[in-house]
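Below, chains carry the letters A, B, ... as their sequence lines are ordered, and counting in each starts from 1.
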Amino acid sequence: MGPLQIKELLQQTPDAKSVTLKGWVRTKRESKNAIFIALNDGSTIHNIQAVAAPGQFSAELLLTVTTGSCLKITGQLVESQGSGQAVEVKIEDLHVYGTADPEAYPLQPKRHSLEFLREIAHLRPRTNTFGAILRIRHSLAFAVHQYFNEKRFFYLHTPIITASDAEGAGEMFRVTTLDLDKLPRTEEGAINFKEDFFGREANLTVSGQLEGELGAMALSKIYTFGPTFRAENSNTTRHLAEFWMIEPEMAFFELEDNMDLAEDFVKYVIRYALENCKDDLAFLENRLSEEDKNKPQNERSIPLLEKLSFVVDNPFERLTYTEAIDILLKSKPHKEKKFQYPVGWGIDLSSEHERYLVEKHFKKPVILTNYPREIKSFYMKLDDDGKTVRAMDVLFPGIGEIIGGSQREDNYEKLLERVHEVGIDPETIWWYLDTRKFGTAPHSGFGLGFERLVLFVTGMSNIRDVIPFPRYPKSAEF
RNA sequence: UCCUGAAUAGCUCAGCCGGUUAGAGCAUCUGACUGUUAAUCAGAGGGUCGUUGGUUCGAGCCCAACUUCGGGAGCCA
């Protein structure tokens with residue numbers, strides 16, 4: 001099963017047993033009586049210190065041990081003579097797997113900007129910051145599956161390629177095998193997609209929800225967790241063209257059950273990270289507070305662990321859209337005309353409004369419900385007043401909307417009416433409408449953008465830094 | 001896509017009112033020192049200033065376009 005990793009070795013008792021280390025050099029320090037090599041293999045944020053005696057190895061060999069080079073070291077695990085670490089490895093044999101020319105290797109032992117690291121996304125996982133982020137990302141993904149498994153949800157694999165263009169969740173990436181230089185035409189001159197691979201137009205999915213509902217109407221509780229694609233020309237710190245989405249869908253869940261699940265779920269995965277990623281979170285918290293030292297007092301943020309614990313330990317604030325509008329109308333920024341966009345019943349809340357509610361008024365996560373039907377999707381269940389729908393958005397400080405969900409319209413006639421209203425051809429989603437024809441049931445679900453969750457938990461500020469290889473307009477290098 | 005700011009050494013930045021040979025810190029290399037902790041001290045090498053065009057006797061600095069990046073907004077998860 002491979003050699004012991006540094007994470008395990010650091011926990012062992014230093015009894016001079018022979019061990020093998022494999023990893024990448026972070027720093028090398030040479031002194032009169034000893035040569036110190038800090039080695040990291042990504043299993044933990046911590047490095048292990050390996051020590052050689054001067055003259056033990058040739059100068060030529062030592063010259064190739066530079067930051068970024070990869071080594072295999074065998075030696076004895078002993079108690080460290082220096083302070084700063086409990087154990088270290090007394091080197092007996094040293095082999096260089098791969099060198100890293102210090103003049104050419106871009107990661108040197110100094111602080112680099114996140115913007116620069118984005119340009120070298122193939123190497124940035126080797127930094128402390130990205131190592132921590134990627135390990136936390138893994139733990140959160142694992143917690144997602146563990147949570148749903150414990151709650152008896154089934155993991156449903158919804159298609160990545162879809163022929164449905166009715167979801168209305170955004171611009172789509174086209175999938176085709178047609179020769180772009182020689183497009184087949186119909187007699188009318190339009191592109192003839194009958195000759196395309198699927199015999200029709202196809203795209204990358206923008207959401208697995210509609211297929212998720214099909215699963216819920218058979219298995220009762222399902223969730224999806226997969227990549228999602230939006231061809232929007234969005235250039236922000238919160239959007240990606242390719243991102244991972246978690247979408248549970250539950251039969252016999254009403255809006256309140258949906259909210260309970262969303263809150264419980266988010267708290268569970270954050271708690272999992274708090275319990276299982278202590279070292280990485282502590283590193284990121286420290287990194288953030290170092291950054292904060294350069295900021296004026298009033299712009300400093302609360303420490304990361306404190307922020308996460310607060311979210312886990314306190315109930316989310318729940319209120320209706322109508323109540324939220326009332327709060328905004330009575331708010332100071334509205335009275336002083338500080339809002340850029342006008343406030344009034346019927347508006348789609350802009351991020352300044354959401355930020356006011358979450359960050360200024362309630363100072364905690366907020367769940368907004370019962371939005372006007374006009375600003376929400378066709379599949380959301382109409383309230384009895386006919387004006388609002390059973391929608392819910394979970395808003396997080398600094399992130400904005402992290403979850404969007406609703407109770408779904410389960411009445412065939414009402415759903416069909418909405419389909420016509422928003423201009424969807426019912427023929428294209430006949431299979432979706434069939435669920436309301438055959439054994440319809442009240443059901444609910446929501447979607448959570450995984451990267452936004454990772455953004456919140458790591459305290460990072462740009463979504464491009466919480467996915468290994470971000471995809472966004474004009475960027476698909478790696 | 002819109003608004004706004006930026007682009008100078010490997011990285012992070014400074015560069016005065018347009019004027020001789022473009023500076024610093026970190027990194028790298030060399031030396032000294034040291035059971036060191038992203039060590040410390042000294043020295044060295046390294047850039048034609050994003051691209052194109054323009055204004056000018058003269059442009060890193062002024063103007064225009066383009067490209068890329070940051071921040072904000074919209075769309076959303």
Nearest-Å distance once atom C1' is located in both B:C2 and B:A77: 22 Å
Would one find more than 12 heavy atoms of other residues, nucleotides or ligands at under 6.0 Å from atom NZ of A:K7? no
Write down the distance between CZ (A:R355) and C1' (B:G72), rounded to a whole number of angstrom. 10 Å
With no hydrogens and no angle check, just 3.5 Å: does a side-chain donor-acceptor pair link A:Q5 and A:K22? no
Ignoring the backbone of A:S31, work out which of B:C69, B:G35, B:U34 is nearest its side chain. B:U34
Base, sugar-phosphate alone, or nothing: which one does A:Q49 contact when heavy atoms must sit under 4.0 Å apart? base
Under 4.0 Å, heavy atoms only, any strand: does A:N233 hit a base, just the sugar-phosphate, or nothing? base
Scan A:F116 against the nucleic acid and name what it touches under 4.0 Å (heavy atoms): base, sugar-phosphate only, or nothing. sugar-phosphate
Watson-Crick and G-U pairing of RNA chain B, under 3.5 Å, as dot-bracket with | and [ ]: (((((((..((((.....[...)))).(((((.......))))).....(((((..]....))))))))))))....
Tell me which nucleotide among B:C11, B:C75, B:A39 gets nearest to the side chain of A:H112. B:C11
Classify A:S350 by what it touches in the nucleic acid, base, sugar-phosphate, or nothing, heavy-atom distance under 4.0 Å. sugar-phosphate
Distance criterion of 3.5 Å, no angle test: do you see the side chain of A:S234 paired donor-to-acceptor with the base of B:C76? no
Give the rounded distance in Å between these two atoms: CZ of A:R124 and P of B:C11. 17 Å
Nucleotide nearest A:E232 when distance is taken to its side chain, options B:C75, B:C69, B:A77: B:C75
Both A:L448 and A:P473 contact RNA chain B. Which one's nearest nucleotide lies toward the 5' end? A:P473
Starting at atom CD of A:E291, determine the distance to atom P of B:U12, rounded to an integer number of angstrom. 14 Å
Just to be sure I understand the rule, does A:E352 reach a base, reach only the sugar-phosphate, or reach nothing, if contact means heavy atoms closer than 4.0 Å? nothing
Quick check: on RNA chain B, is the nucleotide nearest A:I463 upstream (toward 5') of the one nearest A:Y105, or the reverse? Name the residue that is more 5'. A:Y105
Among B:G74, B:C76, B:A39, the one nearest any side-chain atom of A:T27 is B:A39
Side chains of A:Y379 and A:Q209 only: does a donor on one sit below 3.5 Å from an acceptor on the other? yes
Rounding to the closest angstrom, what is the interatomic distance between B:G5 and B:C66 at atom P? 16 Å
What's the gap between B:G70 and B:C29 when it is taken at their P atoms, as a whole Å value? 31 Å
Reckon A:Q85 touches a base, only the sugar-phosphate, or nothing at all at heavy-atom distances under 4.0 Å? base
Charged N to carboxylate O below 4.0 Å: is that the case for A:E92 and A:K90? no
Taking only the P atom of each, what is the distance from B:C69 to B:G35 in whole angstrom? 48 Å
I'd like the P distance from B:U68 over to B:C41, given in whole Å. 42 Å
Please evaluate the base of B:C76 for a donor-acceptor partner in the side chain of A:R452 within a cut-off of under 3.5 Å? yes
Going by distance alone, is a donor N or O of one side chain under 3.5 Å from an acceptor N or O of the other, for A:T388 and A:D383? yes
Picking from B:U1, B:C75, B:A77, the nucleotide nearest the side-chain atoms of A:N235 would be B:U1
For the C1' atoms, the ones on B:A7 and on B:G43, what distance do you get once it is rounded to whole angstrom? 32 Å
Roughly how many Å is it from CD in A:E354 to P in B:A77, rounded to a whole number? 11 Å
Same-atom distance (P) from B:C17 to B:C61, integer angstrom: 15 Å
Measure CD1/A:I347 against P/B:G74 and give the value in whole Å, please. 11 Å
Out of B:G74, B:G35, B:A77, which has the shortest distance to the side chain of A:E88? B:G35
Is it true that the side chains of A:T158 and A:E211 contain a donor and an acceptor less than 3.5 Å apart? no
Would you say the side-chain atoms of A:Q146 and A:Y268 include a donor-acceptor pair closer than 3.5 Å? yes
Which part of the nucleic acid, if any, lies within reach of A:L240 when heavy atoms closer than 4.0 Å are counted: base, sugar-phosphate only, or nothing? base
As a test of reading the structure: which of B:G35, B:A77, B:U68 is closest to the side chain of A:H239, going by heavy atoms? B:A77
Is A:F450 stacked against the base of B:A77, taking the criterion as centroid distance under 5.5 angstrom and interplanar angle under 30°? no
Atom CD of A:E171 and atom C1' of B:C75: how far apart are they, to the nearest Å? 10 Å
Is there a donor-acceptor pair closer than 3.5 Å between any side-chain N or O of A:E263 and the backbone N or O of A:F316? yes
Just by distance, with hydrogens left out, do A:S406 and A:R408 show a side-chain donor and acceptor under 3.5 Å apart? yes
Report, as yes or no, whether the 6.0 Å neighbourhood of atom NZ on A:K474 holds more than 12 heavy atoms from other residues, nucleotides or ligands. no
Cut-off 3.5 Å, side chains only: do A:R126 and A:N40 have a donor facing an acceptor? no
Take atom CG of A:N33 and atom C1' of B:G35, then tell me their distance rounded to the nearest Å. 7 Å
Which nucleotide in B:G71, B:A73, B:G35 has an atom nearest any side-chain atom of A:N462: B:G71
Taking any heavy-atom pair under 4.0 Å as a contact, classify A:D348: base, sugar-phosphate, or nothing. sugar-phosphate
In B/S/- notation (B base, S sugar-phosphate only, - none; protein heavy atoms under 4.0 Å), nucleotides 23-32 of chain B written 5' to 3' is --BBSSS---
Mind checking A:Q81 for me? I need base, sugar-phosphate or nothing, with any heavy atom below 4.0 Å counting as a touch. base
Do A:E213 and A:H443 have side-chain atoms, one donor and one acceptor, less than 3.5 Å apart? yes
P gap between B:A27 and B:G74, integer Å: 42 Å
Atom-pair distance (NZ on A:K28; P on B:U34), nearest Å: 19 Å
Is there a side-chain polar atom (N or O) of A:S351 under 4.0 Å from OP1 or OP2 of B:G74? yes
For a quick check under 3.5 Å, do A:R29 and A:S31 share a side-chain donor-acceptor pair by atom type? no
